[in-house]
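Only one structure is covered here, and it is reproduced in the block below.
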Amino acid sequence: MDMITNILLIAGIVVALYVLIKILTAPIKLIFKLLLNALIGFLLLFLANFVGGFFNFYIPVNLVTCLISGVFGIPGVIFLVIVMIFFF
């Protein structure tokens, strides 16, 4: 093999590894972000119930409210509080 073929082969391997690493790290970042958002939403749901206990207000902890607060995080808990205040 001559020198140009070796350089092109090495460059192709480097590009392929870079693309592979990018493809594999994107889902990991997304999963980490969703887990962090779920943890914050979960803690805020219980914080809203703790503070709401002083004002005779609570958000029932069930599958739907856990999913909303877990997936949407802070905006999800705010939505649940608004729904509970105005509609229940």
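The shortest side-chain heavy-atom distance between Leu24 and Ile28 does not fall under the 4.5 Å cut-off. You'll find the side chain of Leu44 reaches within 4.5 Å of the side chain of Ile74, heavy atoms only. No side-chain heavy atom of Leu47 sits under 4.5 Å from any side-chain heavy atom of Leu43. Using a 4.5 Å heavy-atom threshold, the side chains of Thr5 and Asp2 count as touching.
Here the straight-line distance linking atom OG1 of Thr25 with atom CG of Leu20 works out to 9.5 Å at 0.5 Å rounding. Interatomic distance, Ile31 CD1 to Leu36 CG, rounded to the nearest 0.5 Å: 13.5 Å. The line from CG of Leu39 to CG of Leu34 is 12.5 Å long, rounded to the nearest 0.5 Å. Separation of atoms OG1 (Thr65) and CZ (Phe42) is listed at 10.0 Å; rounding is to 0.5 Å.
If you chain together hydrophobic residues whose side chains sit under 4.5 Å apart, Val81 and Phe55 fall into the same group. A single hydrophobic cluster is seen to contain both Val71 and Ile40, as judged by linkage of ILVMFWY side chains at heavy-atom distances under 4.5 Å, directly or through other members. Residues Val14 and Ile4 do not share a hydrophobic cluster, clusters being chains of Ile/Leu/Val/Met/Phe/Trp/Tyr side chains in contact below 4.5 Å. There is a path of hydrophobic side-chain contacts, each under 4.5 Å, that joins Ile85 to Phe79. Note on Phe88 and Tyr58: separate hydrophobic clusters, where clusters join Ile, Leu, Val, Met, Phe, Trp and Tyr whose side-chain heavy atoms are under 4.5 Å apart, directly or indirectly.
Nearest heavy atom pair, residue Val61 against residue Cys66, reads CG1-SG, 3.6 Å. What you find for Gly76 and Ile68 is that their closest heavy atoms are O-CG2, 3.8 Å.
Between the side chain of Asn49 and the backbone N or O of Ile59 there is at least one donor-acceptor pair closer than 3.5 Å. When atom types are taken as modelled, the side chain of Ser69 and the backbone of Leu45 share no donor-acceptor pair closer than 3.5 angstrom.
The neighbour count for Phe57 CZ, taken as heavy atoms of other residues, nucleotides or ligands under 6.0 Å away, is above 12. Summarising the local packing, CG of Leu30 is surrounded by more than 12 heavy atoms from other residues, nucleotides or ligands at distances under 6.0 Å.
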ring-ring contact (aromatic ring centres under 6.0 Å, His included) for Phe46 and Phe50? Distances and angles first, verdict last. CA-CA 6 Å; Phe46 280 106; Phe50 178 74; over 10 Å; no
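Between Val19 and the choices Leu17, Ile23, Ile21, the side chain to side chain contact (heavy atoms under 4.5 Å, CB included) rule is met once, by Ile23.
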